[in-house]
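So the structure is just underneath, and the comments pick up after that.
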Amino acid sequence: MQKRLGVDSVCQPVPEVADIESLFRLKRRCRVYNDGTIRLKKKAFEVPGCLPGQRVTIYYMPWDLSRIYYSDDLKPAKPVDLTANAYRFDNANFAHTKEKDDDTE
């Protein structure tokens, strides 16, 4: 035991100012779907500014999917709001086109 403790360790301490989370971040390539989202572990995330069909690199922590980043600039991807998405046709623009369809009948 004393022999083991006497040998210098090959491990070096990490400086206090280092961003430790970035050391554990995983990298993955995902396809952008037609609605401007990507899927990661059965969850949908919006990636604004990416073209549908394009492959984008995402960075994430496997234990914390609340913060997903995409592209090399590490732009934050936000989770899709399922409630807002369910009521997307209640928007005034969609209601207006619906009324026009009713008038033509």
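- The CG atom of Leu65 sits 5.5 Å away from the CG atom of Leu40 when rounded to the nearest 0.5 Å.
- Nearest heavy-atom pair, Lys41 versus Pro62, reported as atom, atom and distance to 0.1 Å: NZ-O, 3.9 Å.
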Could you pull out all donor-acceptor pairs under 3.5 Å where a side-chain atom in residues 42-60 meets a protein atom, sequence neighbours excluded?
residue: Gln54; atom: OE1; partner: Leu51; partner atom: N; Å: 2.9
residue: Thr57; atom: OG1; partner: Arg29; partner atom: NH1; Å: 2.9
residue: Tyr59; atom: OH; partner: Asp72; partner atom: OD1; Å: 3.2

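- When the salt bridge (Lys or Arg N to Asp or Glu O under 4.0 Å) test is applied to Arg67, the partners found at least two apart in sequence or on another chain are Glu21, Asp64.
- If you chain together hydrophobic residues whose side chains sit under 4.5 Å apart, Ile68 and Phe24 never meet in one group.
- In terms of the side-chain hydrogen bond (donor to acceptor under 3.5 Å, both in side chains) criterion, Arg25 has no residue partners (sequence neighbours excluded).
- Between Arg31 and Ile38, the closest heavy-atom pair is O-CG2, 3.7 Å.
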